[in-house]
Amino acid sequence: MSVFIIRRLMQAILVVWIMSLLVYVGVHIVGDPVDMLINPEADQAEIARVIRDLGLDRPLHEQYWYFLKNALQGDLGNSFIFNEPALKLVVQRIPATFELALAALGLAVVIGIPLGVYAGLKPDSKISQTIMASSILGFSLPTFWVGLMLIMFFSVMMGWLPSFGRGDTETIFGVEFSFLTWDGLTHLFLPALNLSLFKLSLVIRLARAGTREVVHQEYIKFARAKGLSQNRIIFVHLMKNIMIPVVTVLGLEFGGLIAFSVVTETVFSWPGMGKLIIDALHNLDRPLVVAYLMVIVVLFVFINLVVDVLYSILDPRVRLRDLKG
Amino acid sequence: MTDTPILDVQGLETHFFTKDGVAKAIDGVNFTVRKGEIMGLVGESGSGKSVTGFSILGLVDPPGKVVGGKVLFKGEDLLQADDKRMQELRGARISMIFQDPMMTLNPVLRVDTQMIETIQAHEKVDKQTAWQRSRDALAQVGIPSPEERMRAYPHQFSGGMRQRVAIAIALLNKPDLIIADEPTTALDVTIQGQILYETQKLCRETGTAMIWVTHDLAVVAGLADSISVMYAGRVVEQGNINDVLDNPVHPYTLGLLGSVPGHNTRGQRLYQVPGMAPSLFKLPKGCAFQPRCGYATEACQQDQTVTEPVPGRAVRCCHPQVEVSS
Ligand SMILES: Nc1ncnc2c1ncn2[C@@H]1O[C@H](COP(=O)(O)OP(=O)(O)OP(=O)(O)O)[C@@H](O)[C@H]1O
Ligand SMILES: [Mg+2]
C-alpha cells in the first residue's frame with residue numbers, strides 16, 4: 001500500500017510541475033497586464049520602472065525560473081491589484097468553495113444513489129421514467145439559469161431561503177463554516193443544490209447503469225439462492241459493487257465541481273475562489289490567476305490520489321494488482 | 001418406500017417469452033428424489049438442466065416464467081409459496097451450487113462475509129459461531145488452511161477453489177436437498193473424486209437428497225442412485241442408475257452411452273450422437289429427437305407418451321430398444 005502511495009505521489013509532483021509550466025506560459029500569452037495597471041497619464045520612465053519592478057522586462061524563461069524558485073518556498077507573487085500574496089488570497093477563499101462543493105457532492109450522493117438504484121431495479125415503472133427524464137434536464141439546463149430560477153422561486157416568490165452570501169458562520173480551527181449554524185445552512189442550501197444538479201444527474205445515471213448491470217450477475221442470483229433478504233442483497237451485495245464506478249467518477253468530478261463553482265458562486269454571491277478568479281481575470285491580475293490555477297491543479301492531483309486510494313479500498317482486485325506491480 | 005419424497009416434480013413447464021417467440025425450455029418434466037437419494041440429471045447443453053434447478057428454487061428470471069406443474073418439496077407446492085416462504089427455504093432447506101464458479105461469488109465481499117451471512121440469514125447465531133461453522137465447512141471441502149482463506153476475496157482463489165467455496169456454502173445449513181449444477185466440471189480429476197466421495201458420504205450420513213446435474217456420465221455412474229436423461233426440455237428416460245446405464249432403452253440414451261470412451265472397443269472411433277442439439281424455436285412435431293434418431297419412423301410425428309417398457313423405467317419413446325441393449 002505505501003509503495004503504491006509513494007509511486008502515485010511522484011507522479012503527482014511531476015504533473016504539478018508540468019502544469020505550472022503550462023499555466024505560467026498560458027497566462028502570459030493571454031494578455032499584457034501593464035496597460036491595466038498603469039495610470040494612462042504616466043510617462044515613459046514611470047512605465048519602464050513599473051515593468052522592471054514587476055520583473056516583466058525579463059525573458060519569459062527567466063521570469064518562470066524566478067517564479068518557480070519562489071513557488072517552491074510557497075510564494076506565488078503578490079497580486080497586482082490587492083498588493084497582497086496571491087496564494088494567501090486564494091487560500092483564504094478555499095474553505096467557502098470547499099464547503100459549497102462538498103455540500104453539492106453530498107446532495108448528489110444522498111439523493112442520486114437511491115433514485116438511481118430504484119430506477120435500475122424497476123426500469124419500467126412510471127417513477128423510474130420520471131427520474132430518468134429529470135436527470136436529462138439536470139444535464140442540459142445551464143447552471144446559471146437554474147440558479148436564477150432557484151432564487152426566483154425560493155427567495156423572491158416564496159421568501160423561504162436567502163439567496164446571497166454565506167450567512168452566519170462558525171469558526172473552527174480558524175476557518176469559517178456556514179453549515180454549523182442554521183442561518184448558514186439556509187444560505188448554503190440553494191447554491192449547493194444549484195451546483196449539485198449536474199453531478200446529481202450523473203450519479204443517478206451511474207447508479208442506474210451499475211444496478212442494471214449488477215442485478216443480472218450470477219452472484220446476485222446466488223445471493224438470492226442463499227436465501228438472503230432483499231435488503232441485504234441490495235444494500236450489501238449490489239451497493240458495494242455499484243459504488244466502485246460512482247466513487248471513481250465522483251472523485252474525479254470533484255475537481256470539476258470546484259471549477260464549476262465559479263458560476264454558482266457568482267450567481268449566489270458566494271465568497272469563494274470562483275468569485276475571486278472572475279475578478280482577477282477581469283483585471284488581468286496575473287499572479288492571482290496563476291495562484292488560482294496552481295491551487296486548482298494541486299487540488300485536482302490530490303483528489304486523484306485520494307480517489308485511487310479509495311478505489312483500492314473499495315475494490316480488492318485493484319489492491320492486489322498494485323501490491324504485485 | 002412409503003414416505004413422501006423430499007422432492008416431487010410433476011409436469012413442470014418453464015417457458016422463456018423472448019422476442020423470437022416462446023422457448024419451451026422445460027416442457028413437462030417429472031421426477032422424484034427421496035431422502036438420501038442422489039439423482040443424476042444428464043443431457044446435452046441447452047436441454048434445460050439448469051433451468052430445472054432454477055425453477056425448483058423459484059429463481060427463473062424474466063423473460064422466463066414457470067407456467068405449469070407442481071414442485072412438491074416434502075409435500076408443499078413451492079410454486080404456490082410466497083416470497084417470504086421461498087426465502088426461508090432457499091439456502092437453508094434447499095441449496096444450489098451454480099454452474100460457473102467464477103461468477104457465483106461476489107467479487108467485492110470476503111469469503112467469510114459471504115459464508116457467515118448465509119448462516120445468519122436463517123438462524124439466530126452469533127458471529128463467532130457462524131464463523132466457526134463456516135471455517136469447518138471450508139475444511140470439509142478440502143480447502144487448505146481454511147482459517148486464513150476465510151479472509152480472502154474470491155479473486156484470490158482459483159476456479160476450482162471457488163467452486164469448493166460454493167459447495168461449502170451450499171452445505172452450511174445442512175439442507176434437505178442440494179441442487180448441484182455441474183459442480184465438479186471445473187475441478188481436476190483427483191479433487192473431483194474427493195468431492196464426489198465427500199458428497200456421497202454426506203448424503204448417506206445426513207440423508208440429504210441431491211440432484212446432480214452433469215454432462216459426464218462417468219460421474220453419475222459412480223455417484224447417483226437414479227438418473228433422468230433430458231432432451232430439449234423433457235425427460236426422455238428415467239430409472240435406477242445401474243439399470244439405465246447397463247441397459248439403456250431410449251435411442252438418445254443409447255447414443256449418449258455410445259459416446260462414453262469406456263463403452264467402445266479399443267481402436268474404434270468415439271461414437272457421437274449425430275446432428276446438433278435442436279433449437280427450441282424449431283422443434284419438430286412429436287418426438288424432438290427424431291431428426292437425429294436412427295430408429296425414427298412415421299409414429300415419431302405423434303406426441304410421445306411415457307411408457308414403462310422395462311419395470312421401473314420411464315421412457316418417452318415409441319421405439320424403446322429393449323432387445324438391442326447389451
Ligand atoms: N434468459 C433466457 N432467455 C431465453 N432463453 C433461455 C434463457 N435461459 C435459458 N434459456 C433457454 O433454456 C434452455 C435451457 O437452458 P439451460 O441453461 O437449462 O441448459 P442446460 O441444460 O443447463 O445447458 P448447459 O449444459 O449448457 O448448462 C436453453 O436452450 C435456452 O434456450
Ligand atoms: Mg446449465
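Naming convention: chains lettered A, B, ... in sequence-line order (proteins, then strands); numbering from 1 in each chain. No experiment lies behind these values; they were computed from the predicted model shown.
Between the side chain of A:Ser128 and the backbone N or O of A:Asp124, no donor-acceptor pair lies under 3.5 Å. With hydrogens and angles disregarded, a donor-acceptor distance shorter than 3.5 Å links the side chain of B:Arg164 to the backbone of B:Gly142. Without hydrogens or angle criteria, A:Asn241 side chain to B:Val108 main chain gives no donor-acceptor distance under 3.5 Å. For B:Asp8 (side chain) and B:Thr32 (main-chain N/O), no donor-acceptor pair under 3.5 Å exists by modelled atom type. A donor-acceptor pair under 3.5 Å is absent between the side-chain atoms of A:Glu253 and the main chain of A:Lys199, judged by distance alone.
Using a 4.5 Å cut-off between heavy atoms, B:Gln99 does not touch chain A at all. With a 4.5 Å cut-off on non-hydrogen atoms, B:Leu59 touches chain A through its backbone and its side chain both. Both the backbone and the side chain of B:Pro107 come within contact range of chain A, judged by heavy atoms closer than 4.5 Å.
The six-membered or imidazole ring of A:Phe302 lies away from that of A:Phe254, with a centre-to-centre distance of 6.0 Å or more.
For the residue pair A:Asn194/A:Thr264, the side-chain donor-acceptor check at 3.5 Å is satisfied. No donor-acceptor contact under 3.5 angstrom links the side chains of A:Ser229 and B:Gln87, judged on distance only.
Ring geometry, B:Phe17 versus B:His15: the interplanar angle falls from 30° to 60°, so the pair is classed tilted.
Ranked by heavy-atom pairs under 4.5 Å with chain B, the first of A:Arg232, A:Gln217, A:Lys240 is A:Arg232. For the set B:Leu105, B:Asn106, B:Leu89, B:Leu172, the count of heavy-atom pairs under 4.5 angstrom toward chain A peaks at B:Asn106. In terms of non-hydrogen atom pairs under 4.5 Å with chain A, the most contact-rich of B:Glu88, B:Gln114, B:Arg110 is B:Gln114.
Taking the charged nitrogens against the carboxylate oxygens, B:Asp176 and B:Lys74 do have a contact shorter than 4.0 Å, which makes a salt bridge.
Of the candidates A:Val249, A:Thr248, A:Leu250, A:Val249 is the only one forming a side chain to side chain contact (heavy atoms under 4.5 Å, CB included) with A:Leu206. Among B:Arg85, B:Lys70, B:Arg93, the one residue that satisfies the salt bridge (Lys or Arg N to Asp or Glu O under 4.0 Å) test with B:Glu76 is B:Arg85.
By a heavy-atom distance cut of under 4.5 Å, B:Phe54, B:Leu57 are the residues of residues 50-58 of chain B near chain A, going up by number. Among residues 117-130 of chain B, the residues having any heavy atom closer than 4.5 Å to a heavy atom of chain A are, in sequence order, B:Glu117, B:Thr118, B:Ala121, B:His122.
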